[in-house]
There are 2 protein chains.
Amino acid sequence: MSYSPAIGTRSLREIMSEAIDQPISAPRFRRYPSETRAAMLIEAGLTCLAKGGITAFTVDNICQEAKASRGLIAHHFGSKDALLAAVYATMYDRLIAVMAPVDAAAPDIVALIEANLAPEIFNPDSLKIWLALWGEIANNAELRAVHRQRYVEFRDTVAKVIAAEAAARGRQVDAGAIAVAFIALSDGLWLEHGIDESMLSREAARASFYAMLEAHLGPIARP
Amino acid sequence: MSYSPAIGTRSLREIMSEAIDQPISAPRFRRYPSETRAAMLIEAGLTCLAKGGITAFTVDNICQEAKASRGLIAHHFGSKDALLAAVYATMYDRLIAVMAPVDAAAPDIVALIEANLAPEIFNPDSLKIWLALWGEIANNAELRAVHRQRYVEFRDTVAKVIAAEAAARGRQVDAGAIAVAFIALSDGLWLEHGIDESMLSREAARASFYAMLEAHLGPIARP
DNA sequence: CTCCTTGTTGAACAAGTGTACAGTAAGATC
DNA sequence: GATCTTACTGTACACTTGTTCAACAAGGAG
């Protein structure tokens with residue numbers, strides 16, 4: 001038995017109600033403000049990346065994860081690539097948010113290190129997402145644009161803290177260069193931890209951070 | 001006008017020869033020893049990864065790059081994933097090959113650092129390949145198996161050099177832990193250099209390596 | 001030359017890809 | 001209640017995906 005699609009003024013729900021001879025009251029779907037739904041799709045995209053890498057970042061997967069229909073990504077983002085760019089921006093948003101306390105009135109080098117080791121950042125799922133995204137940067141102009149903007153923003157935050165610490169110690173250093181090296185180390189530690197958790201503990205990563213910065217700034221008192 | 005396919009004992013080449021009324025002497029394709037063709041497919045796979053990341057690692061792309069037909073990957077590797085695993089193993093082969101001189105009778109910490117900066121290793125194309133592969137490790141059992149084996153092999157080579165250097169200096173260190181940190185740093189530097197070449201020069205990367213190892217081993221004479 | 005092995009081709013297949021779009025309906029506003 | 005905006009659905013589309021497989025042919029062995 002098949003039902004004909006709704007025609008004219010009678011909704012499918014009305015027809016169905018009649019056919020099964022009882023009212024169907026529950027709405028078939030929920031409407032969200034555009035921003036809310038966009039955020040939901042971004043979240044679903046992140047989940048897909050964490051679960052299966054860039055290969056699993058498909059319209060079908062994402063919409064299923066978000067419990068929405070296939071058309072929604074196009075409606076809210078225009079294209080899948082635009083959603084991917086939004087996903088990447090979200091990752092940087094969160095990274096920078098964790099750094100925010102560090103960037104406060106009193107820059108604190110220990111807080112910088114500990115922020116990098118925070119569970120929101122230093123965890124395999126999060127890393128899998130970074131990894132999937134990094135692998136796409138070279139092949140995706142939209143992603144590259146986001147990267148260029150956000151990376152510089154992030155680097156400058158780190159450089160500021162390092163420069164402040166160096167000034168407080170009366171040391172002359174190239175804070176920008178050290179910031180890049182620090183980020184490189186951070187990325188590398190995330191990488192090892194993300195690929196094989198057992199290979200590199202948080203404690204080992206912490207030691208690397210301190211050793212690296214002490215080489216440039218002198219002894220740092222650990223908390 | 002269309003030609004019927006070859007039937008019975010007459011080859012398509014014979015029929016074509018007759019049709020255009022002149023001999024066709026050039027073979028339609030070349031046969032290679034299995035190993036040779038496998039190597040060609042691996043090379044083509046590497047090229048695809050460098051050009052377009054894991055998304056470009058498709059049967060069509062690879063076979064086109066290798067100037068072969070679609071069926072060849074299945075014939076030589078069984079599946080696309082098996083080829084990917086072989087590609088990954090090849091990357092480690094080459095990395096370990098560059099390290100080989102380091103691992104010789106007289107382990108040399110400077111040679112270790114310089115090997116990591118060698119143009120065969122420290123270049124954006126090579127990094128794009130690593131990046132694409134790393135992003136897949138978590139989602140691909142075959143790849144994970146290769147990683148587990150080769151990474152340990154590689155780490156032990158690095159640890160050996162560090163341990164020897166530490167012994168020569170009479171220092172007590174955890175060479176394995178330092179090796180992991182060293183590899184993490186190395187990966188991170190490759191990453192920055194590969195994503196945006198202008199962000200991190202070879203010279204800056206060199207400085208990071210020396211600072212990192214000097215923190216553990218004391219002053220190192222630079223070449 | 002005539003086998004014979006096996007590397008190679010290319011079409012066929014089902015399943016999955018992103019996008020377009022016409023139509024549906026939720027829920028705020030009046 | 002009626003009206004309207006727009007979030008949302010779901011199908012259709014053209015195309016790409018990896019794998020299978022029967023047939024072809026290169027090139028060495030005899």
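Quick caveat: nothing in here was measured; it's all calculated off a predicted structure. Numbers restart at 1 for each chain; the letters A, B, ... are given by sequence-line order, proteins then strands.
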Reported [atom1]-to-[atom2] distance for the pair [X] and [Y], which is rounded to 0.5 angstrom:
X: B:K160; Y: B:R155; atom1: NZ; atom2: CZ; answer: 14.0 Å
X: B:Y92; Y: B:F154; atom1: OH; atom2: CZ; answer: 7.0 Å
X: A:F209; Y: A:E114; atom1: CZ; atom2: CD; answer: 9.5 Å

Task: Sorted by number, the residues of residues 48-67 of chain B with heavy-atom contact under 4.0 Å to DNA chain C - done: none
Open item on the list: Please give me every residue in residues 77-86 of chain A whose heavy atoms get under 4.0 Å of an atom in DNA chain C, ordered by residue number.
Closed with: A:S79, A:K80
Task: B/S/- contact track for nucleotides 1-7 of chain C, protein heavy atom under 4.0 Å - done: ----BBB
- [ ] Would you mind reading off the distance between A:R70 atom CZ and D:dC13 atom P, rounded to a whole angstrom?
- [x] 14 Å
Open item on the list: Using the ring centroid of each side chain, check whether A:Y88 and A:W134 are separated by less than 6.0 Å.
Closed with: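 No, the ring centres sit 6.0 Å or more apart.
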Open item on the list: Between B:D196 and A:R144, does any NZ, NE, NH1 or NH2 come within less than 4.0 Å of an OD or OE carboxylate oxygen?
Closed with: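 Judged by the 4.0 Å cut-off on N to carboxylate O distance, A:R144 and B:D196 do not form a salt bridge.
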Open item on the list: What I want to find out is whether A:E43 reaches A:R94 closely enough, with some N-O distance under 4.0 Å, to be called a salt bridge.
Closed with: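 Judged by the 4.0 Å cut-off on N to carboxylate O distance, A:E43 and A:R94 do form a salt bridge.
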TODO: Among B:I137, B:V152, B:L133, find the residue that satisfies the side-chain contact (heavy atoms from CB on, under 4.5 Å) test when tested with B:H147.
DONE: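 Per the side-chain contact (heavy atoms from CB on, under 4.5 Å) rule, the option paired with B:H147 is B:I137, out of B:I137, B:V152, B:L133.
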Task: D:dG10 OP1/OP2 closer than 4.0 Å to side-chain N/O of A:R28 - done: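 Yes, such a contact exists.
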Task: From CA spacing to verdict: side-chain hydrogen bond (donor to acceptor under 3.5 Å, both in side chains), A:E120, A:S126 - done: CA-CA 8 Å; A:E120 309 99 278; A:S126 178; over 6 Å; no
Task: Heavy-atom neighbours of A:K80 NZ exceed 12 at 6.0 Å - done: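 Atom NZ in A:K80 is packed in, count exceeds 12.
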TODO: Might you confirm whether atom CD of B:Q64 has over 12 heavy atoms from other residues, nucleotides or ligands at distances under 6.0 Å?
DONE: no
Open item on the list: By the 4.0 Å heavy-atom rule, please label A:A74 as base, sugar-phosphate, or nothing.
Closed with: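 Answer is nothing: A:A74 stays at 4.0 Å or more from every strand.
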